[in-house]
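The shown structure was predicted, so the numbers you read here are calculated from the model rather than taken from an experiment. Here is the naming used below: chain letters follow the sequence lines, and residue numbers restart at 1 for every chain.
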There are 2 protein chains.
Amino acid sequence: MSTNPKFLENKHSKSFPSFLMPMANKNPVIIEDKDKMRNWSRAMRSQGKTIGLVPTMGYLHEGHISLIKEAQKHAQIIVVSIYINPGQFSPSEDLSTYPSDFHGDIQKLMSVPGGVDAVFHPYSLYDYGSKTGSGGVDREGAKEKKVGVVSCVEDGGLGHETWVRVERLENGLCGKSRPVFFRGVATIVTKLFNVVEPDIAVFGKKDYQQWRVIQRMVRDLDFSIKIIGSEIMRETDGLAMSSRNVHLSPEAREKALSINSSLSRARLAAEKGQVNCRELRDVVIKAIEEAGGRIDYAEIVDQESLGEVEEIRSPVVFCVAAWFGKVRLIDNMEIKYMRD
Amino acid sequence: MSTNPKFLENKHSKSFPSFLMPMANKNPVIIEDKDKMRNWSRAMRSQGKTIGLVPTMGYLHEGHISLIKEAQKHAQIIVVSIYINPGQFSPSEDLSTYPSDFHGDIQKLMSVPGGVDAVFHPYSLYDYGSKTGSGGVDREGAKEKKVGVVSCVEDGGLGHETWVRVERLENGLCGKSRPVFFRGVATIVTKLFNVVEPDIAVFGKKDYQQWRVIQRMVRDLDFSIKIIGSEIMRETDGLAMSSRNVHLSPEAREKALSINSSLSRARLAAEKGQVNCRELRDVVIKAIEEAGGRIDYAEIVDQESLGEVEEIRSPVVFCVAAWFGKVRLIDNMEIKYMRD
């Protein structure tokens, strides 16, 4: 693997404390082929090792690194997958502009204390060779199907037609404005699980609904994989880390702080006894809109069912999605039920 | 396992040639718990054995036995699952009257030459204990969901909400009149795969669409499992074996022979050069209706895409579903493309 000389000047390299830089303690093996990946995992397992998977779409930041560190607590061998999944983007979304920097990613992974053992980096996970059976779905064909939603996989005319649906949890929050998102996430995670065959997998609570969707899917489909939710990593000013932050102008980035600051205020108010969700939501909505953000949703929901609540009577999570310019950001904060 | 003294008088025991009876050469271990099943499979694998799964809903007949014999050709250890899956029945279908005879099934399995190593016989595969997370879906709740279809799982108020959809192949043929069927099949097979972790699994071509749905699902979700299609077993008079045949009156059973006899005639005509599918279908529809059957569908479709064809220009399969009284029977015959 050649190194990327631009690494130190990368816009997001500042996310990495300098003490991580010199600790290049492991060169992960890079695997691009599904069968090779599975064989590698099985070889590790046959040596009695446990395997932890950290699925990512690359452009790694400290949030991802924290997932890796969490995985290291639970498994002996760490596999990081780097794959931008077209199945979770609708044709109108930002698949084409999703940031990527594979060489930079590898350098970061080499700097993680304890290291990463393998990087699974497939070219496509939806390419089944020439034997597509019933043939590819063309653009028209996909859109004519009974299902009302089309992802970039179908739009791209691939023959893939199997989707995992977590039918209730996928509907609310991000599911409202991103109709193919959780279908695509559940499906690609199923595929990754079947290729990597891990014992545990770590998902960030930043994508709270995604974490809950995957937990439910694992339970309902009897995967023998422990799902671990890892806490949100924030920049020093409190902005939740995200690969999409790189698209924010300095001005928009400043405004976007209204999300985490207002969420913090709402959480504090709840902890002081405010249980009325409408009032808590108003605090956040007003702050974000005054900063120039456009709210996609700001909802206080039950931590497990993700059903909206009017009064805090159980552990909840306050989830927000908002646009700043052309960038859609999400964030959330868990709120304990203080009368427990 | 106690033996079932009624075995020899069972209505369908005649399906078993007498030479099978004395060869009780293996007592399968009976496993009811998911974790125990998985641990058992892993213990076998750690001994270097390959595992073959034959999923069934019980009330075994020679058709099932042929699947087991097929599995024996491909794997060293044979697991037969016996589970009537509520997820593939809609509340209006025949879940409550689906025949079962577990003790008789075990006796039959003990008589299979080469034997069966384990029978997986769970009480429920949708019961996740008290920690259902978002709670059970009640009858009303399930019906109010966005999805337009409800299976006996949702109707029964279980918390399960994850479903595997093979979105094109599930639509035609049996999918038209049984809206939850393939969703339920793909999901339960995913669950069984995750519990049993087999190397190969055998499905009967009697359920042709089911076999193709599972094949496609395995490809699309990257299961590392080889799917084997096994030929239809027929009674001496040609009726395709089915657990539901037991519900046929002697009179209805006689009439039901119109399915296989007309399918045979159509295949013969096709092999002699008749490529016009409308004419071939007319032969079958007329014969079944004249015998008093009610056609659900009679379609000639591409063997892989299951798309309907007007002229035979590739390998096709002629699929029929028809009602005789309250019993719905399916059958099919593959037809080669003779100009190859």
Side-chain angles (χ1 to χ4, degrees), chain A residues 34-35 37-39 42 45-46 125-126 128-129 131-135 137 141-142 145-147 154 158-171 175 183 186-188 190-197 212-213 215-225 302-307, chain B residues 34-35 37-39 42 45-46 125-126 128-129 131-135 137 141-142 145-147 154 158-171 175 183 186-188 190-197 212-213 215-225 302-307:
Chain A
K34 289 177 188 179
D35 290 332
M37 182 68 242
R38 186 184 288 115
N39 291 340
R42 290 186 175 185
R45 170 153 301 112
S46 72
L125 282 176
Y126 298 97
Y128 308 105
K131 202 176 176 302
T132 57
S134 51
V137 186
K145 284 198 316 169
K146 275 192 188 175
V147 288
E154 292 142 309
L158 297 161
H160 182 98
E161 60 167 307
T162 307
W163 300 98
V164 179
R165 309 288 298 259
V166 182
E167 293 191 350
R168 279 184 298 148
L169 287 178
E170 74 175 15
N171 288 327
R183 183 186 79 154
T187 302
I188 202 73
T190 294
K191 289 163 72 71
L192 288 170
F193 284 177
N194 284 339
V195 170
V196 178
E197 298 180 345
R212 291 302 194 186
V213 162
Q215 265 190 332
R216 181 56 43 93
M217 177 190 88
V218 162
R219 186 200 73 168
D220 285 357
L221 298 184
D222 291 312
F223 279 103
S224 175
I225 298 168
D302 179 84
Q303 284 187 11
E304 284 216 20
S305 73
L306 305 186
Chain B
K34 289 176 187 178
D35 290 332
M37 183 68 243
R38 186 183 289 116
N39 290 341
R42 289 186 175 184
R45 172 154 299 114
S46 72
L125 282 177
Y126 298 97
Y128 307 104
K131 203 178 175 303
T132 57
S134 52
V137 186
K145 285 198 317 170
K146 276 191 188 174
V147 289
E154 292 142 310
L158 298 162
H160 182 98
E161 61 167 307
T162 307
W163 299 98
V164 179
R165 309 287 301 257
V166 182
E167 294 192 348
R168 278 182 299 148
L169 287 177
E170 74 175 15
N171 287 328
R183 183 187 77 154
T187 303
I188 202 71
T190 294
K191 287 163 73 69
L192 288 169
F193 284 177
N194 284 341
V195 170
V196 178
E197 298 180 343
R212 291 303 196 186
V213 162
Q215 266 189 332
R216 181 56 44 93
M217 177 190 86
V218 162
R219 185 200 73 167
D220 285 357
L221 297 184
D222 292 312
F223 278 103
S224 174
I225 298 169
D302 180 85
Q303 285 186 11
E304 285 214 20
S305 73
L306 305 185

Nearest-0.5 Å distance that lies between atom [atom1] in [X] and atom [atom2] in [Y]:
| X | Y | atom1 | atom2 | value |
| --- | --- | --- | --- | --- |
| A:Asp222 | B:Tyr128 | CG | OH | 5.5 Å |
| A:Arg168 | B:Glu154 | CZ | CD | 9.0 Å |
| B:Arg216 | A:Thr162 | CZ | OG1 | 7.5 Å |
| B:Phe223 | A:Lys191 | CZ | NZ | 11.0 Å |

Quiz item: What pairs with A:Asp35 under side-chain contact (heavy atoms from CB on, under 4.5 Å), at least two apart in sequence or on another chain?
Solution: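 Result, side-chain contact (heavy atoms from CB on, under 4.5 Å) vs A:Asp35: A:Asp33, A:Arg38.
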Between [X] (side chain only) and [Y] (backbone N and O only), is there a donor and an acceptor less than 3.5 Å apart?
| X | Y | result |
| --- | --- | --- |
| B:Asn194 | A:Leu221 | yes |
| B:Glu161 | A:Leu169 | yes |
| A:Asp220 | B:His160 | no |

Practice problem: Please lay out, stage by stage, how B:Glu167 and A:Arg183 fare under the test side chain to side chain contact (heavy atoms under 4.5 Å, CB included). | Solution: CA-CA 12 Å; B:Glu167 294 192 348; A:Arg183 183 186 79 154; 3.4 Å; yes
Practice problem: Sort out for me which of B:Val164, B:Thr187, B:Val213, B:Leu125 touches chain A most, counting heavy-atom pairs under 4.5 Å. | Solution: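 Looking at each option in turn, the highest pair count goes to B:Val164.
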Quiz prompt | Over all atoms of both residues, closest heavy-atom pair of A:Ser224 and B:Arg42 | solution =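 Heavy atoms only, the tightest pair is OG-NH2, 3.5 Å.
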